[in-house]
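Remarks on the structure that follows.
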Amino acid sequence: MTDYVTVPKAELHCHIEGAASPTLVMRLAEHYQIDVSSIIDRKGKYRWSDFSTFLQAYDLASSVFKTPGDYSLLSETYFRMLAAEGAIYGEVFISPDHAQAAGLSYRSYVEGLAAGMERAKLDTGIEGRMIAIGVRHFGANAVERVAREVIANPHPLVTGFGLAGDERDGHPSNFSKAFRMADEAGLGLTAHAGEFGGPESISAALDFLGVTRLGHGVRAVEDKSLVRRLIDEKIVLEVCPGSNVALGVYPVLRFHPVNILRNEGVRITLNSDDPPFFATTLGQEYKTVSTTFGLTFEDQLAITRTAIDAAFCDEATKNRLLVRLDSATSDAE
Ligand code: ADE
Ligand code: ZN
């Protein structure tokens, strides 16, 4: 029987605002006199019914974070929780548009988040990075604005650029320019595709955005030639099974293609996306996927190794993380 905390884990796909617990959101909402009763029920759980209402709930929950201190509390809490579940590395998506809507400058937003990450690292050793995302349904100009802001204000912990939001809105070609700018600035690239869009959405993200990773990407399973392409081009999937089931992309975990893709040879990682919205955690994702599909301790280590390999951080950090991963292997033997 595997002790799930002892499996070293890495998260590549978690939206920091989506990691806020309803309790924290309610506390800040009360402080700032913001009504969040439409998105948090009497039992203290997030309330939404489909992808569109989820995105609306996410927007309102984000609006209660207004100062660098609010954000440092959020990132410290999340990274401590991740470390407590055995994670050694985490990347979080940050959304400058959401910070701006709450009245915070990009710099203050990033500095607040970084302060919380540093505090969690000092205490637990967990390493973290940030990926700035543009919101697809806000349009090409907004996404380019994010890219320009990130490039004009470099921060050592902001190492990636991505695209989130409603995949059903806007063709990837609209965002080529933003991704080209981010690439030239040396940022790692990822985009949400193959969650609510099919194989054609994934192919277009690969063709027009030059990403090395895909957020979700799981609907590639519907097209054999695309699966071959993912393998040939060594694209890494940030798979979020609990999120996909919660949002109705697949009815139950047993029918989720994560293990089919893994067996075909696609490089997959496991992630929590927006954990309290989907009643999950990174530890839960490793555990439920492993028990449902019979993954061994070694299989789980291989998943974490894939994540570290694909991480948007420097080689020296990757090597340090791999040493930790290898020593955990021998501890368990
Ligand atoms: N923003 C937060 N969560 C998201 C998801 N699962 N897909 C797209 N955009 C998101
Ligand atoms: Zn996501």
Side-chain angles (χ1 to χ4, degrees), residues 10-22 25 39 46-65 74 78 82 90-102 113 129-139 142-143 146 160-170 172 175 178 188-198 201-202 204-205 209 211 213-219 236-250 256 258 268-282 285 307 310 312:
E11 169 121 275
L12 298 184
H13 187 126
C14 177
H15 301 259
I16 193 63
E17 287 85 359
S21 71
V25 168
I39 60 159
Y46 282 120
R47 184 163 39 192
W48 50 269
S49 54
D50 56 20
F51 187 50
S52 300
T53 54
F54 157 71
L55 288 174
Q56 287 161 14
Y58 178 95
D59 288 347
L60 182 55
S62 303
S63 73
V64 307
F65 294 90
L74 173 59
Y78 165 71
L82 210 54
E91 285 176 6
V92 285
F93 292 126
I94 66 169
S95 176
D97 289 307
H98 284 87
Q100 191 187 45
L113 288 165
R129 296 291 185 274
M130 294 179 252
I131 300 170
I133 52 131
V135 179
R136 188 164 176 154
H137 55 271
F138 291 173
V143 176
V146 172
F161 182 75
L163 186 66
D166 198 334
E167 187 187 353
R168 301 164 298 191
D169 200 347
F175 309 105
L189 303 179
T190 179
H192 283 59
E195 180 189 22
F196 287 96
S201 169
I202 297 172
L209 305 179
V211 294
R213 298 183 353 203
L214 290 165
H216 304 284
V218 287
R219 292 194 51 202
V236 169
L237 303 191
E238 304 155 5
V239 182
C240 311
S243 159
N244 293 155
V245 171
L247 286 168
V249 180
Y250 299 101
H256 193 284
V258 60
I268 64 109
T269 63
L270 293 176
N271 304 277
S272 67
D273 209 2
D274 305 280
F277 283 87
F278 305 139
T280 191
T281 66
L282 183 64
E285 296 298 322
F312 296 153

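Atoms within each ligand, like the ligands themselves, are counted from 1 in listed order. Every heavy atom of this structure was used, including side-chain atoms; hydrogens, water molecules and symmetry mates were not. Model, not experiment: these values are computed from the prediction.
- If you put the vertex on the Zn ion (ligand 2), OD1 of Asp273 and NE2 of His13 sit 90° apart, to the nearest 10°.
- Look at Arg213 and Glu91 and you find a salt bridge, because one of the NZ, NE, NH1 or NH2 atoms lies within 4.0 Å of a carboxylate O, short of that distance.
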When you look at His15 and Phe277, which way does the ring pair (Phe, Tyr, Trp, His ring centres under 6.0 Å) test go after all the steps?
CA-CA 11 Å; His15 301 259; Phe277 283 87; 9.9 Å; no
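- Of the protein's heavy atoms, His15 NE2, 3.6 Å lies nearest to atom 4 (C) of ligand 1.
- Residue contacts with ligand 1, taken as heavy atom pairs separated by less than 4.0 Å, involve Phe54 solely via side-chain atoms from C-beta onward.
- A heavy-atom distance below 4.5 Å is found between the side chains of His98 and Tyr58.
- Atom CD of Glu11 is separated from atom OG of Ser272 by 3.5 Å, given to the nearest 0.5 angstrom.
- Among the atoms of Phe278, none of the N or O lies under 3.5 angstrom from an N or O of ligand 1.
- Residue contacts with ligand 1 for Glu167 are absent, since no atom lies close enough (heavy atoms, distance under 4.0 Å).
- Leu55 places a side-chain heavy atom less than 4.5 Å from the side chain of His137.
- Between Val249 and Phe196, some side-chain heavy-atom pair lies under the 4.5 Å cut-off.
- Angle subtended at the Zn ion (ligand 2) by His15 NE2 and His192 NE2: 100°, rounded to 10 degrees.
- In terms of N/O distances under 3.5 Å, ligand 1 is not approached by Ser243.
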